[in-house]
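The structure displayed is predicted, hence computed values, not measured ones.
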Amino acid sequence: MSQTTASVVAAASTASPSSSGTVVAESATARGRRARIALRGLQIVLALFYGIASALPKLIAHPSASEGFDQMGWGSAGMYAIGVLELAGAIALLVPVLQSVAAVALGALMVGAFVVQVVVFDGQNAATPVILLVPLTLIAWARRGSTVELLRLLRLLRRRA
């Protein structure tokens, strides 16, 4: 038994019946806190991936990125546009009020990347965008409250303007 579990069990056994609900809520809060920390860590890892491993090669016109965009017929304009979108999404993943919207937007980019991989490149690397969709969907769902907050802030800005 872990130390946290032991302290919760000990507190529950010594608590009165009316306060036992509080002990359960505190244990759920600790678990929720760990989940929030893990989710924030996942957001940081994804932001680093999208910013460094995905956007940077496109923005510096690395040959590995330019060859693929030339093969698609999108050229450097398409490559820079996708690179800017990925970098913006990476940064927005770290901004609390934008995190859910960023996950949805990056998810849409991954759906497009999957379609391009299947249609243009015969599915050569089609698994990568699908794998990235899983954590993006989790972030979008878990942080959906930030979208409500963003909409509230936008309404306040409209009223002031």
Taking the side chain as every heavy atom from C-beta outward, state whether Phe69 and Ile82 have any pair of such atoms under 4.5 Å apart. yes

In one Ile/Leu/Val/Met/Phe/Trp/Tyr side-chain cluster, 4.5 Å: Val104, Leu133: no

All heavy atoms of Ala65 vs all of Pro57, minimum pair found to be CB-O, 3.8 Å

CZ (Arg158) and CG (Leu153) are apart, to the nearest 0.5 Å, by 12.0 Å

Closest heavy-atom contact between Gly89 and Ala102? O-CB, 3.8 Å

Looking only at the side chains, is there a donor atom on one of Gln99 and Arg144 sitting less than 3.5 Å from an acceptor on the other? no

Could you state the interatomic distance from CG (Leu109) to CZ (Phe114), rounded to the nearest 0.5 Å? 15.5 Å

Do you see a donor-acceptor pair shorter than 3.5 Å between the side chains of Ser100 and Ser146? no

Value rounded to 0.5 Å, distance of CZ in Arg36 from CZ in Arg31: 12.0 Å

Looking only at non-hydrogen atoms, find the nearest pair between Leu87 and Gly51 and report the distance. CD1-CA, 4.2 Å

Leu46 vs Tyr50, test: side chain to side chain contact (heavy atoms under 4.5 Å, CB included). Steps then yes/no. CA-CA 6 Å; Leu46 282 174; Tyr50 278 107; 4.2 Å; yes

Are Val116 and Leu106 joined in one hydrophobic group, where the rule is that I, L, V, M, F, W and Y side chains link up if heavy atoms are under 4.5 Å apart? yes

Gap between atom CD of Gln117 and atom CE of Met110 - 0.5 Å precision: 9.5 Å

Could you state whether Val134 and Leu39 fall into the same hydrophobic cluster, counting links through intermediate Ile, Leu, Val, Met, Phe, Trp or Tyr residues with side-chain heavy atoms under 4.5 angstrom apart? no

Starting from Ile37 and following side-chain heavy-atom contacts under 4.5 Å between hydrophobic residues (I, L, V, M, F, W, Y), which residues can be reached? none

Shortest non-hydrogen contact from Leu136 toward Gly107: CD1-N, 3.7 Å

Interatomic distance, OG@Ser66 vs CD1@Ile60, rounded to 0.5 Å, equals 9.5 Å

Is there a path of hydrophobic side-chain contacts, each under 4.5 Å between heavy atoms of I/L/V/M/F/W/Y residues, joining Val111 to Phe121? yes

Can Arg40 and Arg143 be said to form a side chain to side chain contact (heavy atoms under 4.5 Å, CB included), step by step? CA-CA 10 Å; Arg40 177 56 72 179; Arg143 304 292 194 190; 4.0 Å; yes

If two hydrophobic side chains count as joined below 4.5 Å and joins carry through other members, does Ile52 share a cluster with Leu94? yes

Value rounded to 0.5 Å, distance of NZ in Lys58 from OG in Ser64: 8.5 Å

